[in-house]
Amino acid sequence: MNMIDALLGSQADGAVEQLGRQFGLDSTQTSSALGALLPALAAGFQRNASSQNGLESLLGALGSGRHGRYVDDLGSLGMPGTVDDGNGILGHIFGSKDVSREVARRASAQSGVGADILKQ
């Protein structure tokens with residue numbers, strides 16, 4: 001089982017397809033992009049979990065928003081406000097925009113998908 005399947009369960013294929021449509025990527029490109037991004041996200045979660053208030057802050061941010069709707073309703077990924085919600089959570093995960101941009105740059109080099117798309 002890959003990390004995408006583990007995170008999204010039965011919705012994994014639909015999520016990959018929806019993301020691909022939203023950004024004009026085929027399923028191979030989308031899976032490659034997610035595969036390049038997920039290790040950095042996992043490391044960010046680990047960093048948060050190991051800091052005194054990091055995990056509490058991240059869980060508070062996730063709990064206070066309506067972030068579950070993005071998994072429950074894949075069509076909501078294209079809604080206004082999605083980028084702002086995502087940027088807020090990425091700020092908690094990575095700690096700064098500079099780190100987030102570097103993650104996108106490295107994932108772009110690994111996946112072949114443009115960093116501008118990965119930042120979104």
Side-chain angles (χ1 to χ4, degrees):
M1 175 186 303
N2 70 36
M3 196 179 296
I4 297 168
D5 291 335
L7 288 172
L8 299 175
S10 64
Q11 298 224 12
D13 289 339
V16 171
E17 183 180 323
Q18 177 67 30
L19 284 169
R21 271 196 309 269
Q22 183 173 342
F23 297 106
L25 303 173
D26 64 32
S27 63
T28 301
Q29 291 171 310
T30 307
S31 293
S32 180
L34 290 171
L37 289 169
L38 286 175
L41 289 169
F45 277 109
Q46 180 64 35
R47 182 185 58 79
N48 274 275
S50 65
S51 73
Q52 188 169 3
N53 295 320
L55 183 59
E56 183 178 321
S57 177
L58 176 60
L59 292 176
L62 287 169
S64 67
R66 299 173 311 225
H67 308 293
R69 71 180 172 181
Y70 300 119
V71 175
D72 296 335
D73 175 15
L74 298 175
S76 66
L77 291 171
M79 294 174 56
T82 301
V83 172
D84 291 337
D85 286 347
N87 284 336
I89 295 302
L90 288 174
H92 284 278
I93 294 171
F94 294 128
S96 77
K97 288 182 181 182
D98 291 335
V99 173
S100 186
R101 288 180 186 129
E102 179 62 18
V103 166
R105 188 192 65 72
R106 287 183 183 186
S108 175
Q110 183 179 345
S111 69
V113 175
D116 56 329
I117 291 174
L118 296 175
K119 285 187 233 177
Q120 295 180 45

If you round to the nearest 0.5 Å, how far is [atom2] of [Y] from [atom1] of [X]?
| X | Y | atom1 | atom2 | result |
| --- | --- | --- | --- | --- |
| Ser57 | Ile93 | OG | CD1 | 11.0 Å |
| Leu19 | Ser31 | CG | OG | 10.0 Å |
| Phe94 | Ile89 | CZ | CD1 | 12.0 Å |
| His92 | Asn87 | NE2 | CG | 11.5 Å |

Side chain to side chain contact (heavy atoms under 4.5 Å, CB included) partners for [X], two or more places apart:
| X | result |
| --- | --- |
| Arg21 | Glu17, Gln18 |
| Ile117 | Phe23, Leu25, Val113 |
| Thr82 | Tyr70, Met79 |
| Asp98 | Ser96, Arg101 |

Applying salt bridge (Lys or Arg N to Asp or Glu O under 4.0 Å), which residue pairs with at least one partner in [range] are found, sequence neighbours left out?
| range | answer |
| --- | --- |
| residues 82-91 | Arg69-Asp85 |
| residues 34-47 | none |
| residues 107-120 | none |

Do Leu90 and Val103 come close enough that some side-chain heavy atom pair is under 4.5 Å?
no

Which residues satisfy the salt bridge (charged side-chain N to carboxylate O under 4.0 Å, His left out) test with Arg106, sequence neighbours excluded?
Glu102

Taken in chain and number order and not counting sequence neighbours, the residues that satisfy salt bridge (charged side-chain N to carboxylate O under 4.0 Å, His left out) with Glu56 are none

Grab the two heavy atoms, one from Gly35 and one from Pro39, that are nearest each other, plus how far apart they are.
O-CD, 3.0 Å

Mind listing the closest non-hydrogen atom pair of Ala33 and Leu118 along with its distance?
CB-CD2, 3.5 Å

Between Ser111 (side chain) and Ala107 (backbone), is there a donor-acceptor pair under 3.5 Å?
yes

